[in-house]
Visitor: 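Quick one: this structure, given as structure tokens, is what I'll be asking you about.
Just so it is clear, the values below take in all heavy atoms, side chains as well, and ignore hydrogens, waters and symmetry mates. Counting from 1, the numbers follow the sequence of the chain as shown.
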Amino acid sequence: MSADLKALAGEQYAYLTTTGRVSGEPREIEIWFGTDGDRRIYLLSGGGDRSDWFKNLRADPRVSIRIGSETFEGTARIVADPGEDARVRELILDKYQSGYSGDLTNYRTNAIPVAIDLAS
């Protein structure tokens, strides 16, 4: 890996690129993220399974994600383990809640957690 994720954890946004499930073209979005500081980046799909990026990664889980000037390749998966689910929500909400003026209660409870397992 070209950069230490811990050093990038303070960045405000990540830029996730999925492959369009219909077009086959790259699709990039700006998104909040959290990291375990090692080999995994976490996201929450606030739009649930209706978000285009979420539908795209379900069709093709191979993604790239840019944080700062570093880009990583990985495989996305929906988080199923309850312990990991709680960790994702805690990482992301703890990071963003203080700087967000709105209510994130619905986001905290209803968003779908996604893990990106980074390639070696």
Side-chain angles (χ1 to χ4, degrees):
M1 187 179 329
S2 58
D4 180 1
L5 280 178
K6 288 180 185 175
L8 298 171
E11 292 286 332
Q12 190 67 18
Y13 300 105
Y15 297 87
L16 175 71
T17 301
T18 60
T19 301
R21 66 196 175 285
V22 175
S23 70
E25 297 294 320
R27 301 291 184 218
E28 183 181 80
I29 63 159
E30 180 179 83
I31 191 165
W32 287 354
F33 76 99
T35 178
D36 67 359
D38 187 23
R39 305 284 314 148
R40 197 163 288 120
I41 298 169
Y42 293 112
L43 313 171
L44 286 172
S45 178
D49 59 4
R50 298 177 317 277
S51 297
D52 284 330
W53 68 268
F54 186 85
K55 291 176 185 177
N56 289 346
L57 68 82
R58 289 187 76 182
D60 183 351
R62 294 170 299 161
V63 300
S64 66
I65 189 160
R66 180 172 44 89
I67 303 171
S69 62
E70 299 294 327
T71 300
F72 306 94
E73 302 296 323
T75 303
R77 62 180 168 81
I78 299 165
V79 173
D81 176 75
E84 188 178 23
D85 180 301
R87 179 169 163 76
V88 172
R89 294 174 195 282
E90 181 180 338
L91 278 170
I92 295 175
L93 275 293
D94 284 355
K95 179 177 178 179
Y96 291 99
Q97 181 67 64
S98 66
Y100 186 75
S101 61
D103 181 8
L104 292 176
T105 303
N106 189 48
Y107 183 72
R108 177 184 292 276
T109 57
N110 296 325
I112 299 173
V114 173
I116 299 174
D117 298 313
L118 300 181
S120 299

Visitor: Got more than 12 heavy atoms from elsewhere within 6.0 Å of CZ, Arg77?
Guide: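 Result for CZ/Arg77: enclosed.
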Visitor: Provide the closest heavy-atom pair for Ser64 versus Glu73 in the form atom of the first, atom of the second, distance.
Guide: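 Closest heavy-atom pair between Ser64 and Glu73: CB-OE2, 3.4 Å.
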Visitor: Kindly check if the number of other-residue, nucleotide or ligand heavy atoms within 6.0 Å of CZ (Arg58) is above 12?
Guide: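 No, CZ of Arg58 has 12 or fewer neighbouring heavy atoms, counting only those of other groups under 6.0 Å.
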Visitor: Quick check for you: to the nearest 0.5 Å, what is the distance between Phe72 atom CZ and Arg39 atom CZ?
Guide: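 CZ of Arg39 is found 9.0 Å from CZ of Phe72.
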Visitor: Given side chains that start at C-beta, do those of Arg87 and Asp36 come closer than 4.5 Å, heavy atoms only?
Guide: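 Yes, at least one pair of side-chain atoms sits under 4.5 Å.
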Visitor: How long is the span from the CG atom in Leu104 to the CD1 atom in Ile92, to the nearest 0.5 Å?
Guide: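 That separation rounds to 11.0 Å.
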Visitor: To the nearest 0.5 Å, tell me how far Tyr42 OH sits from Asp85 CG.
Guide: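 Result: 10.5 Å between the selected atoms.
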Visitor: Are any side-chain N or O atoms of Arg66 and backbone N or O atoms of Thr71, one a donor and one an acceptor, separated by less than 3.5 Å?
Guide: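 Judged by distance alone, no pair lies under 3.5 Å.
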Visitor: Could you pull out the closest heavy-atom pair between Glu84 and Ala115, with the gap in Å?
Guide: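 The answer is OE2-CB, 4.1 Å.
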Visitor: Take Leu44 and Tyr96 through the test side-chain contact (heavy atoms from CB on, under 4.5 Å) and record every step on the way to the result.
Guide: CA-CA 12 Å; Leu44 286 172; Tyr96 291 99; over 6 Å; no
Visitor: Between Arg62 and Asp60, which heavy-atom pair has the shortest distance, and what is it?
Guide: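 In this case the closest contact between Arg62 and Asp60 is NH2-OD2, 2.8 Å.
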Visitor: Once rounded to the nearest 0.5 Å, what's the spacing between atom CD1 of Ile65 and atom CD of Glu28?
Guide: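 It is 10.0 Å, given to the nearest 0.5 Å.
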Visitor: Please report the closest heavy-atom contact between Asp52 and Arg21, naming both atoms and the distance.
Guide: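 Closest pair (atom of Asp52, atom of Arg21, distance): OD1-NH2, 3.1 Å.
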Visitor: Can you find a pair of side-chain heavy atoms, one from Ile116 and one from Phe33, that are under 4.5 Å apart?
Guide: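 Sidechains of Phe33 and Ile116: no contact.
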Visitor: If you compare all heavy atoms of Pro113 against all heavy atoms of Val88, which two are closest, and at what distance to 0.1 Å?
Guide: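 Looking at all heavy atoms of both residues, the shortest contact is CB-CG1, 3.7 Å.
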Visitor: Is there a side-chain contact (heavy atoms from CB on, under 4.5 Å) between Ile67 and Thr35 once you walk through the steps?
Guide: CA-CA 11 Å; Ile67 303 171; Thr35 178; over 6 Å; no
Visitor: If you round to the nearest 0.5 Å, how far is CZ of Arg50 from CD1 of Ile112?
Guide: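 One gets 8.5 Å once the value is rounded to the nearest 0.5 Å.
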Visitor: Step by step, work out the side-chain contact (heavy atoms from CB on, under 4.5 Å) result for Trp53 and Val63.
Guide: CA-CA 10 Å; Trp53 68 268; Val63 300; over 6 Å; no
Visitor: Which donor-acceptor pairs under 3.5 Å do the side chains of residues 7-18 make with protein atoms, sequence neighbours left out?
Guide:
{"residue": "Tyr15", "atom": "OH", "partner": "Glu30", "partner atom": "OE2", "Å": "2.7"}
{"residue": "Thr18", "atom": "OG1", "partner": "Asn56", "partner atom": "ND2", "Å": "3.1"}

Visitor: Where does the angle between the aromatic ring planes of Tyr100 and Trp32 fall among parallel (under 30°), tilted (30 to 60°) and perpendicular (over 60°)?
Guide: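 Aromatic pair Tyr100/Trp32 classed perpendicular.
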Visitor: How long is the gap from CD1 on Ile31 to OG on Ser51, to the nearest 0.5 Å?
Guide: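 So the gap between those two atoms works out to 7.5 Å.
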